[in-house]
Amino acid sequence: MAFKPLPREFYLRDTIQVARELIGKELVHRSSAGITSGVIVETEAYMGITDPASHAFGGLRSKRTEIMYLTGGRVYIYLIYGMYNCMNVTTQKEGAPEAVLIRAIQPVRGMEIMLARRGLKNPKSLMNLTNGPGKLCQAMGIGADLYGADLCEKRLFVQEPENPAAGEVGASRRLNIEYAGSARDFEWRFYLKGNPFVTRTSFE
DNA sequence: GACCGGATTGGC
DNA sequence: CCAATCCGGTCC
């Protein structure tokens, strides 16, 4: 099978546009344990310096956020609640620390590997495998070692899917950012309507 | 150097 | 509903 990462230019655009267009694309990780992949079904845009929900709000620069300040098309990974990794793709040109959080995928390749990594033996509901940012990182084997990885190389990347996903892309408020003032109401979350791997919400 | 809380998850 | 678990950010 051929691997063809999306070109750098895909990421060097408006972050909301990138977040919307990532829906339906295939996220691939080629690790020593084998290849795993899934179709992206839920994302959120984080708009950098002016976005109170962004880790780079106010222009904050730190060891954690520095990768977002580089030219887009890299991986930003952070640890949440001391337990789970979350994966973002960085966007925009150098100096604009914006990113898209991958919130859910639908498994495509390497189901056995993903089940093992998640510690699920006889999963009653397969959707529990990758229906959340922490869960999909665990299933895909995405950890701190991939912080800063270049999405234009062939280790961890996004490409066009072999089988296009059907369905309409919906938009809603982002999840769990109640602290973000008026930005909590901005509809910067995107998801594939009707897909069972999308986080269930009370509002859509 | 202390303290606070989180772009989550799973169990009670 | 709430604990887990630890790192980053803030303030002293």
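Note on naming: letters A, B, ... go to the chains in the order of the sequence lines (proteins, then strands), and numbering restarts at 1 for each one.
Across all strands shown, C:dA3 forms a Watson-Crick or G-U wobble pair with B:dT9, both key distances being under 3.5 Å.
Protein atom CD1 of A:Ile77 is 16 Å distant from nucleotide atom C1' of B:dT8, rounded to whole Å. To the nearest angstrom, C1' of C:dA3 lies 11 Å from OH of A:Tyr84. Taking atom CZ on A:Arg118 and atom P on B:dG10, their separation rounds to 5 Å, with Å as the unit. Rounded to whole Å, the distance from CD1 on A:Ile102 to P on B:dT8 is 14 Å. Rounding to whole angstrom units, CG of residue A:Leu129 and P of B:dT9 are separated by 12 Å. Rounded to an integer number of Å, the gap from A:Met83 CE to C:dA4 P is 9 Å. Atom OH of A:Tyr81 is separated from atom C1' of B:dG6 by 4 Å (rounded to the nearest Å). For the pair A:Leu101 CG and B:dT8 C1', the interatomic distance rounds to 11 Å; values are reported in whole Å.
Looking at heavy atoms from C-beta onward, A:Phe10 lies out of side-chain contact with A:Leu151 at the 4.5 angstrom threshold. Side-chain atoms of A:Thr65 and A:Tyr78, non-hydrogen and from C-beta on, never get closer than 4.5 Å to each other.
Phosphate contact (OP1/OP2 of B:dA7, side-chain N/O of A:Ser54, threshold under 4.0 Å): absent. Listed pair A:Tyr179 / B:dA7 meets the phosphate criterion, a side-chain N or O lying under 4.0 Å from OP1 or OP2. Here A:Asn176 does not reach the OP1 or OP2 of B:dG6: none of its side-chain N or O atoms lies under 4.0 Å away. OP1 or OP2 of C:dG9 has not a single side-chain nitrogen or oxygen of A:Arg61 nearer than 4.0 Å. Contact annotation: A:His55 reaches the phosphate of B:dA7 (side-chain N/O to OP1 or OP2, under 4.0 Å).
Using a 4.0 Å heavy-atom criterion, one finds that A:Ile177 contacts the sugar-phosphate atoms exclusively. When heavy atoms are screened at a 4.0 angstrom cut-off, A:Arg103 is found touching the sugar-phosphate backbone but no base atom. Note on A:Lys135: only backbone sugar-phosphate atoms sit closer than 4.0 angstrom, heavy atoms only; bases stay farther off.
Geometrically, A:Arg61 engages A:Tyr69 in a cation-pi contact defined by less than 6.0 Å to the ring centre and at most 45° from the axis.
An aromatic stacking contact links A:Tyr46 with the base of B:dA7, defined here by ring centres under 5.5 Å apart and ring planes under 30° from parallel.
Under the side chain to side chain contact (heavy atoms under 4.5 Å, CB included) rule, A:Arg103 has a single partner from A:Ile40, A:Val198, A:Leu175, which is A:Leu175.
Ranked by how close their nearest DNA chain B nucleotide is to the 5' end, A:Asn128 and A:Met68 are led by A:Met68.
Under the 4.0 Å criterion applied to side-chain N and carboxylate O atoms, A:Asp185 and A:Arg174 are not assigned as salt-bridge partners.
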